[in-house]
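Here is how names work: the chains are called A, B, and so on, in the same order as the sequence lines, proteins then strands, and each is numbered from 1.
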Amino acid sequence: MTVRVRFAPSPTGYLHIGGARTALYNYLFAKATGGVFVLRIEDTDLERSNAEYEKLQIDDLKWLGITHDEGPDKPNQKYAPYRQSERADIYQKYALELIAKGLAYYDFCTDEELEAMKEKAALEGRDPIYEGKWKDVAFYQEACERISKGEKAAIRFRVPKKSYTLEDKVKGTVVYPENMVGDFVIVRSNGLPVYNFCCVIDDHLMEITHVIRGEDHLNNTVRQLMIYEALGAKTPEFAHVSLLIGHDRQKLSKRHGATSVNLYRNEHYLPEAMCNYLCLLGWSHPTERDIFDKTDIVEVFSLDRFSASPAMYDLEKLKWVNSEHIKKMNNASLIKLIEKEPETEFFRTQDTEWKMSCVELMKKYANFVTDFPKLVNELILNEHPEKTDAFKEILAWETTPKIMAFISQEVEKKSSDFITENELNNWIDQVKKNLGVKGKPLFQGVRAALTGHDHGPDLKFLIPLTPVSVLKNRIVHLRK
RNA sequence: GCUCCCAUCGUCUAGCCCGGUCUAGGACAUCGCCUUUUCACGGCGGUAACAGGGGUUCGAAUCCCCUUGGGAGUACCA
């Protein structure tokens, strides 16, 4: 039996970090088992759903490299359509079937009646469980007549009086007691079916074998178990992954800041890093590796390494993972990415050799691709570096002004575009011999004279990357 | 409230299922030291956790119960 998994987002907003994580787990599981990854759109809530969001979410998924085998954007597929809004007749058919079997019934209650029931229940300290006004099979004939006359009614599922047990891949055995839920609506009075109903029918019809989704669905599952049973359908395996939480330990949501994938995409985070980090929240590598890409992980991915407790989404660690992926990346690809960044004219117009050594040097300090232009501007192109206290302190050493005078004189003499590492070493040697400076005063002095900073990348790599024209202007600025 | 789920360093986690090898391992962050004739690189190291209480057992982070804490669900949303 081939594994078939699905990711089923509602197109009611941007792709969320948490959604991306569940999608990733499904994708990984499909790849690891040679299975099929299905994308299904759960857009039965017409008021909140929006086709634009569907497209945006698919784009974000694609950006992350989480590609589906089946979905609404692919033609001629066996299980189509993949949008719930296009499957209304299917749900209708099954709902009618359940009514015919007495497993569901029409409910003519008005919103006001329902509201009154809820208030009464709240007052009595009970759960607002539907009392079953139209539950009696004796109403069946009457209900059918009213419906055939065009009257509107919701369809409710008749909840069996028994408890249910789920063997969850992550949570273990979960027991849902009898009376946990009241008869619930499966089709709204406007004719549109409801999530718990569609979901089961689709998973059944699409032959989904494993449902990997967020823990927020764990309580829902009992309703779904009931429907599988009523349908006489085989239940898939379930894996309820723990939720992502924010710093306040609440379920991650918009108010925690950057929680949509497109924000990270816009900031040019590396998609591989994003997946790497997301994968690690709630799942652990069998050999405790923490930097990997999808191809590595597919070989070892399994459902038995999930943590059962929620995981806090932490930007600091994401940052680190991203920086590790930058270091891992080859320089040529990195250069391509950097050149797509704004304000990189100078970078783009240099020769390959320059770019290669620049990237090689800067990647040690960059956490994000967007750091490269910043680094280049700050470290290489800045002609007017801020004279920090640390710089002024170095300037106050008695040897520093002498070093500056010498360096300035040497730089002034240069007519080439760049100075070489050898030339730099030469200057350092001369300062050492002629001025008798060595050790910390020497290097700090030379660094201060050339860069205006008290720290930074190795001078022998940094200075040969800096245009002589910049050096000249910078030194004038620094000596003032 | 009710139902379900969860509980190891500040954070992500390994270990738990199959009790001894755990004076609890790794990673991020943080701190310190070393090295590179300077430094934001690199190397090494430190601080830091089994929520509490009862059992079971020769022995419990690991099994059971209770308490506490946290989370989720409780819709004609998904």
Side-chain angles (χ1 to χ4, degrees), chain A residues 8-12 42-45 47-49 84 107 109-111 114 118 121-122 125-130 152-156 166 168 170-172 174-177 179-182 184-196 198-199 213-222 240 242-243 245 247 249-251 277 280-291 304-305 307-314 316-321 324 361 363-365 375 379 390 394 428 432 437-448 451 453-459 461-462:
Chain A
S10 303
T12 54
E42 310 220 319
D43 54 354
T44 53
D45 185 349
E47 306 219 330
R48 298 199 302 147
S49 295
Q84 293 188 329
D107 173 27
C109 287
T110 59
D111 287 349
L114 259 17
K118 245 182 253 179
R126 286 181 296 112
D127 260 8
I129 287 177
Y130 179 72
K152 301 281 182 220
I155 300 174
R156 274 182 196 272
L166 169 70
D168 190 85
V170 179
K171 301 290 179 183
V174 178
V175 180
Y176 303 99
N179 285 330
M180 185 174 170
V181 294
F184 54 94
V185 170
I186 53 176
V187 181
R188 302 173 175 98
S189 52
N190 66 7
L192 288 172
V194 145
Y195 166 75
N196 280 305
C198 307
C199 178
R213 60 178 16 165
E215 189 186 343
D216 46 347
H217 290 284
L218 191 59
N219 287 307
N220 271 327
T221 308
V222 67
H240 285 96
S242 60
L243 262 21
I245 55 180
H247 279 99
R249 306 210 71 94
Q250 308 269 307
K251 180 175 164 182
Y277 176 64
L280 244 23
L281 287 173
W283 185 86
S284 62
H285 192 283
T287 65
E288 297 196 53
R289 271 178 69 182
D290 36 30
I291 299 297
D304 53 19
R305 294 200 62 83
S307 159
S309 42
M312 197 180 280
Y313 183 66
D314 176 25
E316 272 302 316
K317 191 143 185 181
L318 206 208
K319 178 165 112 183
W320 173 75
V321 172
E324 288 298 312
L361 178 64
K363 75 200 285 192
K364 289 191 267 194
Y365 308 103
L375 253 12
L379 265 19
I394 296 170
I428 294 173
K432 191 152 69 173
V437 189
K438 59 180 181 177
K440 190 167 176 167
L442 201 215
F443 272 81
Q444 288 283 70
V446 172
R447 176 181 293 281
T451 69
H453 290 118
D454 61 311
H455 60 246
D458 206 330
L459 287 179
F461 298 124
L462 181 64

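With hydrogens and angles left out, the side-chain atoms of A:R447 and A:H453 include no donor and acceptor closer than 3.5 Å.
Comparing B:C28, B:C12, B:U38 against the side chain of A:Q444 picks out B:U38 as the nearest. Side-chain atoms of A:Y365 lie closest to B:C41 of the nucleotides B:G73, B:C76, B:C41. The side chain of A:R156 lies closest to B:C76, out of B:U38, B:C76, B:A78. Between B:C6, B:U3, B:A27, one nucleotide has an atom nearer to the side chain of A:P310 than all others, and that is B:C6. With B:A78, B:A40, B:C5 as the candidates, the nucleotide lying closest to the side chain of A:R188 is B:A78. Residue A:E316 has its side chain nearest to B:A29 when only B:A29, B:U38, B:A78 are considered. Of the candidates B:C12, B:U13, B:G71, the closest approach to any side-chain atom of A:M312 belongs to B:C12.
Across A:V185 and A:V194, no two heavy atoms sit closer than the pair O-CG1, 3.7 Å. Between A:P11 and A:E42, the shortest heavy-atom contact is CD-O, 3.6 Å.
Atom name P, nucleotides B:C6 and B:C65: the rounded distance is 12 Å, in whole Å. Annotation: B:G45 and B:G26 have their P atoms spaced 10 Å apart (nearest Å). On the C1' atoms, B:A51 is 25 Å away from B:C2, given to the nearest whole Å. Comparing the same atom, C1', in B:U8 and in B:A60 gives a spacing of 14 Å after rounding to whole Å. Rounded to whole Å, the P atom of B:U67 lies 15 Å from the corresponding atom of B:C5. Using atom C1' as the reference point in both B:C63 and B:G20, the two lie 14 Å apart (nearest Å). Comparing B:G54 with B:C31, their C1' atoms are spaced 40 Å from each other, to the whole Å. Here, B:G52 and B:C9 have their P atoms 10 Å apart, quoted to the whole Å.
For B:C39, there is no paired base (Watson-Crick or G-U wobble, both distances below 3.5 Å). In this entry B:G45 has B:C31 as its Watson-Crick or G-U wobble partner, both defining distances falling under 3.5 Å. Base pairing of B:C50 is not made with any nucleotide, judged by Watson-Crick or G-U wobble geometry with both donor-acceptor distances under 3.5 Å. B:C4 is paired with B:G71 under the Watson-Crick or G-U wobble criterion, all donor-acceptor distances under 3.5 Å.
Within the 4.0 Å cut-off from OP1 or OP2 of B:G73, at least one side-chain nitrogen or oxygen of A:K251 is found. Dashed line: the shortest gap from a side-chain N or O of A:R305 to OP1 or OP2 of B:G15 is under 4.0 Å. For A:S309 and B:C5, the shortest distance from a side-chain N or O to OP1 or OP2 is not below 4.0 Å. Phosphate proximity of B:A7 to A:R249: absent, as no side-chain N or O sits under 4.0 Å from OP1 or OP2. Between A:T12 and the phosphate of B:A78, there is no side-chain N or O to OP1/OP2 separation shorter than 4.0 Å.
In this structure, the CH2 atom of A:W320 is 13 Å from the C1' atom of B:U11, given to the nearest Å. Per the geometry, CG belonging to A:N219 stands 13 Å off C1' belonging to B:C6, to the nearest Å. A:Y195 places its OH atom 12 Å from the P atom of B:G73, with the value rounded to the nearest Å. Residue A:R447 contributes atom CZ, which lies 15 Å from atom P of B:U36 at whole-angstrom precision. Residue A:L218 contributes atom CG, which lies 19 Å from atom P of B:A78 at whole-angstrom precision. If you take CG of A:D314 and C1' of B:U30, they are 13 Å apart, rounded to a whole angstrom. Taking atom CG on A:D43 and atom P on B:A78, their separation rounds to 10 Å, with Å as the unit. Rounded to an integer number of Å, the gap from CG of A:L281 to P of B:C28 is 15 Å.
Counting any heavy atom pair closer than 4.0 Å across all strands shown, A:K432 reaches a base atom. Counting non-hydrogen atoms under 4.0 angstrom, A:V175 reaches the backbone sugars and phosphates but no base. Across all strands shown, A:C199 has no heavy atoms under 4.0 Å from either base or sugar-phosphate atoms. Within 4.0 Å of A:A311, counting heavy atoms only, lie sugar-phosphate atoms of the nucleic acid but no base atom. Residue contacts for A:P457: at a heavy-atom cut-off of 4.0 Å it reaches a base atom on one of the strands shown. Across all strands, A:L379 comes closer than 4.0 Å to base atoms (heavy-atom distances). Residue contacts shown for A:L459 include a base, since a base heavy atom lies under 4.0 Å away. The residue A:R213 sits apart from the nucleic acid: no heavy atom pair falls under 4.0 Å. Counting any heavy atom pair closer than 4.0 Å across all strands shown, A:D304 reaches no nucleic acid atom. At a threshold of 4.0 angstrom between heavy atoms, the contacts of A:H240 with the nucleic acid are absent. Residue contacts for A:E288: at a heavy-atom cut-off of 4.0 Å it reaches a base atom on one of the strands shown. Nucleic acid contact for A:G282: sugar-phosphate only, since backbone atoms but no base atoms lie under 4.0 Å from a heavy atom of the residue.
Atom OG of A:S242 is separated from atom CG of A:D216 by 11.0 Å, given to the nearest 0.5 angstrom. Rounded to the nearest 0.5 Å, atoms CD (A:Q250) and CE (A:M312) are 10.5 Å apart. The NZ atom of A:K152 sits 8.5 Å away from atom CG of A:N190, with the distance rounded to the nearest 0.5 Å. Considering CG of A:L281 and CG of A:D314, their distance stands at 8.5 Å, rounded to 0.5 Å.
Residue whose closest nucleotide on RNA chain B sits further toward the 5' end, between A:V174 and A:R48: A:V174. Between A:Q250 and A:N220, it is A:Q250 whose nearest contact on RNA chain B lies nearer the 5' terminus.
For B:C76, the base has a donor-acceptor partner in the side chain of A:S189 [N/O atoms by modelled type, under 3.5 angstrom]. Evaluation of atom-type donor-acceptor distances gives no pair under 3.5 Å for the side chain of A:K364 against the base of B:A40.
Considering only residues two or more places apart in sequence or on other chains, A:P441 meets the side chain to side chain contact (heavy atoms under 4.5 Å, CB included) condition with A:W397, A:T399, A:V437.
A:H285 does not qualify as a stacking partner of the B:G26 base, lacking a centre-to-centre distance under 5.5 Å together with planes within 30°.
When each of A:T221, A:N220, A:N219 is checked for a side-chain hydrogen bond (donor to acceptor under 3.5 Å, both in side chains) with A:H240, only A:T221 meets the rule.
Within the 4.5 Å cutoff, side-chain heavy atoms of A:F443 are placed close to those of A:I428.
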